[in-house]
Colleague: 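Here it is, the structure in full.
In this text, all values refer to a predicted model and were calculated from it rather than measured experimentally.
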Amino acid sequence: MSTTEWLPDGFTRQQIDTNNTRLSVAVGGHGPALVLLHGWPQTSRAWARVMPDLAQRHTLVVPDLRGTGESDRPEGGYAKTNQADDIRGILTALNLTGPVAVAGHDIGSMVAFAWAAAHPEDISHLILIDSLLPGLGLEETMNVAEGGMWHFGFFMTPHIPEMLFDGHELEFFTAAFTAMSNPGTFSGHDLAAYARAYTGRERLRGGFEHYRTLLDDGRENRALLAQRKLPMPVLAVGSTQSGTATAQALAPHAETVQEAVAPTGHFVAEEDPDWFTKTVTTFLA
């Protein structure tokens, strides 16, 4: 099932074998490399509205994370540091060398952050978009006993979420996307496309696997940050819902943190692509 009808002009999609899996990646544009890492429950399609403008200044590398979209769905390997190695392998296969900029949203921001913490020499600029970071406050945010978010622990449970979501993908995605974004952001076609990308228990499992490593991810992040601060410039983008929480959590662990609050809900690049492109371009300049 192809999910690439959304791909902007000038981009090609490749399948790359690396780190014991096969990953699908869209590539296009000209200039210094910028990697875009999507969140859950999305695919590389999440960046479609900003890719044409960003590609005027950057070579964009836009993968489907393992377990999602047109990438393979292995049983394991979802630790965020291991997924950083997925992206490093993609760059090697594309012959893109030198430090790169990376922007991650949601789960993608967790991968970007782990990559920067484990291999800071790889990253020139780090952009984290509406992020909750393992080891830096996520654990408190998902503590339902203190009023935290219910879905993290549910998605971390093996087998059960797949069983309950199977057959209800579009219903759930419509409710979730609508609740977390400005009205009118997502068309029925958009919602149906994302639902198709996660329809069926195996596709659902590939998405939930990202959650099932979060406690280990937090322990690994804390160990990495105990060794050194993040040396690269960091931009922490919040939303009207999250504000500057990520920037505040990062401040003790990075040499330079800039904060910005988007006039949007959770899906910043899709809700206000002009604001996103301008903010990112200014930071990278």
Colleague: Among Phe276, Phe177, Trp40, find the one that has a ring pair (Phe, Tyr, Trp, His ring centres under 6.0 Å) with Phe267.
Modeller: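 Considering Phe276, Phe177, Trp40, a ring pair (Phe, Tyr, Trp, His ring centres under 6.0 Å) with Phe267 is found only for Phe177.
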Colleague: Just by distance, do the side chain of Ser242 and the backbone of Asp130 share a donor-acceptor pair under 3.5 Å?
Modeller: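 No; zero donor-acceptor contacts below 3.5 Å.
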Colleague: In terms of hydrophobic clusters joined by side-chain contacts under 4.5 Å, are Ile87 and Val62 together?
Modeller: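 Cluster IDs for Ile87 and Val62 differ.
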Colleague: Taking Arg49 as the fixed residue, which of Asp190, Asp274, Asp272 is the one that meets the salt bridge (charged side-chain N to carboxylate O under 4.0 Å, His left out) rule?
Modeller: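 By the salt bridge (charged side-chain N to carboxylate O under 4.0 Å, His left out) criterion, Arg49 pairs with just one of Asp190, Asp274, Asp272: Asp190.
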Colleague: Start with the C-alpha distance between Arg196 and Arg203, add both sets of side-chain angles, then the distance that settles side-chain contact (heavy atoms from CB on, under 4.5 Å), and finish with yes or no.
Modeller: CA-CA 9 Å; Arg196 282 196 303 273; Arg203 286 177 173 266; over 6 Å; no
Colleague: Can you find a heavy atom in the side chain of Leu214 that is under 4.5 Å from one in the side chain of Pro134?
Modeller: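 With C-beta onward as the side chain, the pair touches.
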Colleague: Measuring from atom CG of Asp72 to atom CG of Leu23, what distance do you get when rounded to the nearest 0.5 angstrom?
Modeller: 7.5 Å
Colleague: Evaluate whether atom NZ of Lys278 has more than 12 neighbouring non-hydrogen atoms of other residues, nucleotides or ligands under 6.0 angstrom away.
Modeller: no
Colleague: Quick one: CD on Glu209 to CD1 on Ile107, what's the gap to the nearest 0.5 Å?
Modeller: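 If I round to the nearest 0.5 Å, the distance is 12.0 Å.
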Colleague: Any side-chain heavy-atom pair from Gln241 and His266 closer than 4.5 angstrom?
Modeller: yes
Colleague: For a 4.5 angstrom cut-off between non-hydrogen side-chain atoms, does Val102 reach Leu126?
Modeller: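 Of all side-chain heavy-atom pairs linking Leu126 with Val102, at least one is under 4.5 Å.
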Colleague: Is there side-chain contact between His189 and Trp6, with at least one heavy-atom pair below 4.5 Å?
Modeller: no
Colleague: Over 60° means perpendicular and under 30° means parallel, so classify the ring planes of Trp47 and His105, tilted if in between.
Modeller: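 It falls in the perpendicular class, over 60°.
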Colleague: Out of curiosity, Leu132 CG to Thr246 OG1, how far, rounded to the nearest 0.5 Å?
Modeller: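 Separation between the atoms: 6.0 Å.
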Colleague: With rounding to the nearest 0.5 angstrom, report the CZ to OH distance, Arg45 to Tyr194.
Modeller: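 Between atom CZ of Arg45 and atom OH of Tyr194 there are 6.0 Å.
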Colleague: Find out whether Arg13 and Ser44 are in side-chain contact, i.e. whether some heavy atom of one side chain is under 4.5 Å from a heavy atom of the other.
Modeller: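 Yes, at least one pair of side-chain atoms sits under 4.5 Å.
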Colleague: Does a donor on one side chain and an acceptor on the other come within less than 3.5 Å for Thr68 and His210?
Modeller: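 Per modelled atom types, Thr68 and His210 side chains form no pair under 3.5 Å.
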Colleague: Examine Phe173 together with Phe186 and report whether their ring centres are nearer than 6.0 Å.
Modeller: no
Colleague: Is there a side-chain contact between Asn221 and Leu133 in this structure, where contact means two heavy atoms from C-beta onward sitting under 4.5 Å apart?
Modeller: no
Colleague: Side chains of Arg212 and Tyr78, heavy atoms from C-beta outward: is any pair under 4.5 Å?
Modeller: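 No, too far: nothing below the 4.5 Å cut-off.
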Colleague: State, to 0.1 Å, how close His38 and Ala46 come at their nearest heavy-atom pair, and which atoms those are.
Modeller: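 Of all heavy-atom pairs spanning His38 and Ala46, the closest is CB-CB, 4.2 Å.
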Colleague: Taking the side chain from Asp64 and the backbone from Ser24, do they hold a donor-acceptor pair closer than 3.5 Å?
Modeller: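 Looks like no, no N/O pair under 3.5 Å.
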Colleague: Run the side-chain donor-acceptor check on residues 256-265: report pairs under 3.5 Å with partners two or more places apart or on a different chain.
Modeller:
none

Colleague: Determine, stepwise, if the pair Leu37 / Gln83 fulfils side-chain contact (heavy atoms from CB on, under 4.5 Å).
Modeller: CA-CA 11 Å; Leu37 302 178; Gln83 292 194 68; over 6 Å; no
Colleague: One pair to check against side-chain contact (heavy atoms from CB on, under 4.5 Å): Leu230 and Ile123. What are the steps and the verdict?
Modeller: CA-CA 10 Å; Leu230 298 179; Ile123 308 298; over 6 Å; no
Colleague: Checking side-chain contact (heavy atoms from CB on, under 4.5 Å) for the pair Val280/Ile127: CA distance, chi angles, key distance, verdict?
Modeller: CA-CA 8 Å; Val280 168; Ile127 303 166; 3.8 Å; yes
Colleague: Can you tell me if Ser109 uses its side chain to pair, donor with acceptor, with the backbone of Asp106 under 3.5 Å?
Modeller: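 Side chain of Ser109 to backbone of Asp106: a pair is present.
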Colleague: Quick one: sort the Phe172 and Phe165 rings into parallel, tilted or perpendicular, breaks at 30° and 60°.
Modeller: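 Perpendicular: the ring planes of Phe172 and Phe165 meet at over 60°.
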Colleague: Could you point out which residue of Asp85, Asp86, Asp217 forms a salt bridge (charged side-chain N to carboxylate O under 4.0 Å, His left out) with Lys80?
Modeller: Asp217
Colleague: With salt bridge (Lys or Arg N to Asp or Glu O under 4.0 Å) as the criterion, how do Arg228 and Glu121 come out once you've worked through the C-alpha distance, each side chain's angles and the decisive distance to 0.1 Å?
Modeller: CA-CA 12 Å; Arg228 60 188 169 225; Glu121 68 281 0; 5.4 Å; no
Colleague: Could you check whether any side-chain heavy atom of Ser71 comes within less than 4.5 Å of a side-chain heavy atom of Thr21, counting everything from C-beta outward?
Modeller: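 Of all side-chain heavy-atom pairs linking Thr21 with Ser71, none is under 4.5 Å.
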Colleague: Looking only at heavy atoms, what is the nearest atom pair of Ala103 and Ile129, with distance?
Modeller: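 That closest heavy-atom pairing would be CB-CD1, 4.2 Å.
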Colleague: CD/Gln42 to OH/Tyr198 distance, rounded to the nearest 0.5 angstrom?
Modeller: 7.5 Å
Colleague: Starting at NE2 of His30, measure out to NE2 of His58 and round the result to the nearest 0.5 Å.
Modeller: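 It comes to 13.0 Å.
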Colleague: Considering non-hydrogen atoms only, spot the tightest contact between Asn182 and Glu271 and give its length.
Modeller: N-OE1, 2.8 Å
